[in-house]
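Reviewing the structure listed below.
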Amino acid sequence: MELFSFYNVENLFLPDPKPVHKLDPTRSGLRNWDEKRYNNKLFKISHVFQLMKEDNGVMPFVIGLSEVSGRKVLEDLVEMEPFHSQYGIVHYNSMDERKVDVAMLYDKSKVEVIDSETITFFFEIENKNTGNYDTTRDVLFSKIKYKGEIINVFIAHLPSKREKDINKPKRAFILNEVRQRIMEIVDADKEHVILCGDFNENPDDENLVQILYNNDHEKVLMNPFQQLFSTRNYSTFHYKSGLLYDQIIMSRSLLDNKTLTFQDAHIFNSEKIRSRTRNFEGRPFRTYAGTRYLGGYSDHFPVFVKFKSLQ
């Protein structure tokens with residue numbers, strides 16, 4: 001068995017230098033983000049994967065991450081148990097205004113990275129007579145080899161829903177660009193594809209339904225998180241609403257494959273990483289609630305898919 005996982009880790013920043021004045025803005029945008037809180041955050045994230053390993057008997061061979069700031073935080077993370085410096089890092093600094101990126105960790109004993117690049121997007125700023133552009137988080141693309149098979153991995157963290165969802169056209173544009181690349185890989189190269197991320201949309205939203213089909217309306221990709229969402233399983237919450245923004249989508253070639261065959265999909269919502277507060281029972285135990293430090297893991301649960309490894 002093999003696991004492929006994705007986790008929005010909620011603002012993994014290096015500790016802020018001490019401000020000269022109390023009201024000085026911080027690099028992270030977090031309140032009192034010091035060495036102690038940073039180390040606790042690293043421990044919490046690594047503990048999540050330790051729990052995942054205990055439950056499933058194996059660590060994920062690939063992990064997609066979002067809301068990480070810079071490579072150093074990833075280097076610090078993979079030195080900890082259960083990674084034991086056995087995991088490689090694929091990361092690029094994006095032009096996101098908050099300086100948060102997506103990244104990929106991979107088990108170096110199982111995975112070879114053949115190629116990687118970022119897909120960067122620029123959007124014109126509306127109603128502003130300037131030469132500036134609005135930037136967002138890059139989509140990370142990696143071509144990897146696992147037991148002789150090529151898998152093309154896309155990791156995304158799409159623009160957030162806010163202010164009457166003004167970012168919906170941006171998400172549609174990004175997903176359409178990614179879809180075109182995926183269809184070319186599937187049609188021309190006949191290679192496997194996995195697309196994972198925090199899409200800021202649920203599996204039944206139009207953008208995420210359309211991405212599953214090619215131009216001939218044939219279903220080329222599958223999204224096992226559609227079924228989980230239909231049975232009210234959620235990875236994050238906004239006020240009273242349960243959401244399943246975190247998903248792993250894959251080419252149908254992985255339904256029946258000699259090396260990796262899709263088995264099932266999961267939201268890793270272990271009791272140990274859930275909120276301790278009765279009002280938020282069943283929700284992720286987050287690091288911050290607004291400016292208030294809670295000391296938890298993340299405001300998202302990680303998600304993963306299981307594969308049967310047939311070789």
Assess, by modelled atom type and distance only, whether the side chains of [X] and [Y] contain a donor and an acceptor separated by less than 3.5 Å.
| X | Y | result |
| --- | --- | --- |
| Glu206 | Gln210 | yes |
| Asp204 | Gln226 | no |
| Tyr38 | Asp76 | yes |
| Asn40 | Lys36 | no |
| Ser85 | Glu79 | no |
| Asp198 | Ser66 | no |
| Ser253 | His192 | yes |
| Arg71 | His91 | no |
| Ser116 | Tyr92 | yes |
| Ser94 | Asp138 | no |
| Ser309 | Lys147 | yes |

Mind checking the [atom1]-[atom2] spacing from [X] to [Y]? Nearest 0.5 Å is all I need.
| X | Y | atom1 | atom2 | result |
| --- | --- | --- | --- | --- |
| Glu117 | Asp115 | CD | CG | 6.5 Å |
| Tyr234 | Phe301 | OH | CZ | 13.0 Å |
| Asp189 | Asn152 | CG | CG | 7.0 Å |
| Leu243 | Thr236 | CG | OG1 | 6.0 Å |
| Leu294 | Asp299 | CG | CG | 10.5 Å |
| Asp101 | His157 | CG | NE2 | 11.0 Å |

Open item on the list: Before you tell me yes or no, could you show the steps for Arg171 and Phe199 under side-chain contact (heavy atoms from CB on, under 4.5 Å), namely the whole-Å CA-CA distance, both residues' side-chain angles and the distance that decides it to 0.1 Å?
Closed with: CA-CA 8 Å; Arg171 292 197 302 274; Phe199 297 103; over 6 Å; no
Would you call the rings of [X] and [Y] parallel, tilted or perpendicular, where under 30° means parallel and over 60° means perpendicular?
| X | Y | result |
| --- | --- | --- |
| Trp33 | Tyr288 | tilted |
| Phe61 | Tyr146 | tilted |
| His47 | Phe43 | parallel |

May I ask whether [X] and [Y] are part of the same hydrophobic cluster, defined by side-chain heavy atoms of I, L, V, M, F, W, Y residues being less than 4.5 angstrom apart, directly or through others?
| X | Y | result |
| --- | --- | --- |
| Leu140 | Phe173 | no |
| Ile151 | Leu65 | yes |
| Phe262 | Phe154 | no |
| Ile174 | Leu221 | yes |
| Tyr297 | Val78 | yes |

Which of Glu149, Lys308, Glu2 passes side chain to side chain donor-acceptor pair (under 3.5 Å) with Thr259? Answer is Glu149
Quick check: closest heavy atoms across [X] and [Y], and the distance to 0.1 Å?
| X | Y | result |
| --- | --- | --- |
| Val209 | Pro203 | CG2-O, 3.7 Å |
| Ser5 | Pro60 | CB-CG, 3.8 Å |
| Arg137 | Leu158 | NH2-O, 2.9 Å |

The single option from Leu244, Ile249, Leu208 that satisfies side chain to side chain contact (heavy atoms under 4.5 Å, CB included) with Phe225 is Leu244
Checklist entry - Between Glu201 and Lys168, is the closest basic N to carboxylate O distance under 4.0 Å? => result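 No, no charged N to carboxylate O under 4.0 Å.
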Contacts satisfying side chain to side chain donor-acceptor pair (under 3.5 Å) that involve residues 269-286 (not counting sequence neighbours) are none
Backbone N/O of Pro302 and side chain of Asp246: donor-acceptor pair under 3.5 Å | no
- prompt: Within a radius of less than 6.0 Å around CD of Glu184, do more than 12 heavy atoms belonging to other residues, nucleotides or ligands occur?
  reply: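 Atom CD in Glu184 is not packed in, count stays at 12 or less.
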Are the aromatic rings of Phe83 and Phe49 close, with centres under 6.0 Å apart?
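So the answer is yes for these two rings.
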